[in-house]
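Please read the structure below before turning to the comments.
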Protein chains: 2
Amino acid sequence: MSHSYEYPRAALTVDCVVFGLDVDDLKVLLIQRKLPPYQHAWALPGGFVHVDETLDEAARRELAEESGITDVYLEQLYTFGELDRDPRERVVSVAYYALAKLSDHRIRAATDAERVAWFALDGLPRLAFDHARIVEKAIERLRGKVRYTPIGFELLPPRFTLTQLQRLYEIVLMRPLDKRNFRKKLLSMDLLIETDEVEQGVRHRAARLYRFDRKKYEKLTRQGFSFDL
Amino acid sequence: MSHSYEYPRAALTVDCVVFGLDVDDLKVLLIQRKLPPYQHAWALPGGFVHVDETLDEAARRELAEESGITDVYLEQLYTFGELDRDPRERVVSVAYYALAKLSDHRIRAATDAERVAWFALDGLPRLAFDHARIVEKAIERLRGKVRYTPIGFELLPPRFTLTQLQRLYEIVLMRPLDKRNFRKKLLSMDLLIETDEVEQGVRHRAARLYRFDRKKYEKLTRQGFSFDL
DNA sequence: CATCTTAGTGTAGAAGCTACACTAACAAGT
DNA sequence: ACTTGTTAGTGTAGCTTCTACACTAAGATG
């Protein structure tokens, strides 16, 4: 079936930068393209927006289809509309970024992907299209946003140690933080709930596990509080 | 002439939220629609993206065509892709926001606009489409961004008094600021150049005029400095 | 019981933030 | 020339927050 319009139209796609936190670096999920253009090149998961789905829906659908990832924190990043982004025709792409708990996801290649894999940020392969730029922008955004919203918790399991949390910030912000000052600051916000559990399976003193109190955060936010690392 | 595609495609538009600073409030530029849908309703300037222009180009073109405004600070805001935004068909809109120096622009209605006018933020008429939401989002962004980038200067003439600058921040942030503390802070950043001129035509002691040192700001930024009000 | 590794804790000095009020300059009107 | 009205321009003290920094305690392992 064919659809015609009076004026030519750009094709509309979504692309997702999925971040995952590994032991000591931040990773990005890439797929290897099965089809041209950029056949066999690594690229961001993404694809065409259907005419009957919203942009957010399209992003989640493509993520699930191409990599098997679901239930992530997902947020729109930026829309890329340069003329020559895609060699085939004019394609405008709405980019998203997502934060996933690495351990949660058994990734698997599907549809247009030959393979799927996590890559450390400082070891990315050459990417298809303008995807390198999109990743750049996503990192910038994550770095900015992590400081004034509690978005970072999306990268950790529901229960985490303060050391894990500190590590997360050190990795994202790319600078060391002082242990005592970090703990003081976070605990003083009063948004972490101390659980009665400790981490398991470590061969040293086990650290206490905490949860992030999202309810309280939302309440305080409505009262004008603002998270600030 | 007609263009056909294998799958149906959303139409792509841009919409612009243009802010201008008036004596004591922030204004938004609106146009009154000449044509249906929402005929005669007030709406954001905007329109369809041509297949051979980038999104930024489309935004500037529409702004110029519909309101006569050129040479403004323009930045992409967010892309709106709900299914029922437009009663005619699926339309995805890339929203921009712009900062204009009110005095600079002789606005004029053209093309699809019956009229063009500035409206105070707290006196907006009912808007066409989901434009009220877009304006909301733009305000949020402006409020956030004004604090950690020197974007506010885009709303002032090239030479301004410290009182004008303070007024700007008070208006955007919607809270009073302390005169002495404000001046101390801004001058201590060392990004304002004191000119040898003073304001004209006031019937009281004239205040000194300053310029924003963009060059220096960019240099400091590269060295890791970050503007913070 | 010795060893290894990370958890968990306090303080002093520096820097930055807040609150606050008066004099100086200039223009306009008498 | 002087009075009036209006805004410009300026410093400080107290409080809060940030920074830098090192040792003991807990628990696991052999």
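Below, chain A is the first sequence line, B the second, and so on; all start at residue 1.
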Handout entry: Contacts of type side chain to side chain contact (heavy atoms under 4.5 Å, CB included), residue A:Arg167, not counting sequence neighbours
Key = A:Asp24, A:Glu170, A:Ile171

Handout entry: Those residues that, when tested against A:Phe153, pass ring pair (Phe, Tyr, Trp, His ring centres under 6.0 Å) (two or more places apart)
Key = A:Phe160, A:Phe212

Exercise for the section: Would you name the heavy atoms of B:Ala100 and B:Leu155 that are closest together and state the gap between them? Expected result: O-CD2, 3.7 Å

Problem - Salt-bridge present (A:Glu114, A:Arg33; N to O < 4.0 Å) - result: no

Exercise for the section: Name every residue in residues 158-179 of chain B that has at least one heavy atom under 4.0 Å from any atom of DNA chain D, in order of residue number, or write none if there are no such residues. Expected result: B:Thr163, B:Lys179

Problem - Under 3.5 Å donor-acceptor pair, B:Arg180 side-chain atoms to D:dA8 base atoms - result: no

Exercise for the section: With a 4.0 Å heavy-atom cut-off, tell me which residues in residues 186-199 of chain B come close to DNA chain C, sorted by residue number. Expected result: none

Completion exercise
Closest heavy-atom pair, A:Gly152 versus A:Leu168, reported as atoms and distance to 0.1 Å, is O-CD2, 3.3 Å

Problem - B:His40 and B:Gln32: CA distance, side-chain angles, deciding distance, side-chain hydrogen bond (donor to acceptor under 3.5 Å, both in side chains) verdict - result: CA-CA 6 Å; B:His40 311 310; B:Gln32 191 171 33; 5.4 Å; no

Problem - Ion pair A:Glu65/A:Arg61, N-O distance below 4.0 Å - result: yes

Problem - Sugar-phosphate only, base, or nothing, as touched by B:Arg208 at under 4.0 Å among non-hydrogen atoms - result: sugar-phosphate

Handout entry: Note: B:Lys145-B:Glu75 ion pair, threshold 4.0 Å (strictly below)
Key = yes

Practice task
Describe, in one word, how the ring planes of B:His131 and B:Phe129 are oriented to each other, choosing from parallel (under 30°), tilted (30 to 60°) and perpendicular (over 60°).
Solution key: tilted

Exercise for the section: Using a 4.0 Å heavy-atom cut-off, write out nucleotides 22-30 of chain C from 5' to 3' as B (base contacted by protein), S (sugar-phosphate only) or - (no contact). Expected result: --BBBSS--

Handout entry: Short N-O contact, A:Glu154 and A:Arg214, less than 4.0 angstrom
Key = yes

Exercise for the section: On the 0 to 90° scale, with breaks at 30° and 60°, tag the A:Tyr169-A:Phe182 ring pair as parallel, tilted or perpendicular. Expected result: tilted

Exercise for the section: May I ask you to say whether A:Asp190 pairs ionically with A:Lys216, meaning some side-chain N is under 4.0 Å from a carboxylate O? Expected result: yes

Practice task
Would you mind building the protein contact string for nucleotides 14-19 of chain D? One character per nucleotide, 5' to 3', B for base within reach (heavy atoms under 4.0 Å), S for sugar-phosphate only, - for untouched.
Solution key: ----SB

Problem - Within the 6.0 Å centroid threshold, strictly below: A:Phe227 and A:Phe225 - result: no

Practice task
May I have the distance from B:Leu229 (atom CG) to C:dG16 (atom P), rounded to whole angstrom?
Solution key: 15 Å

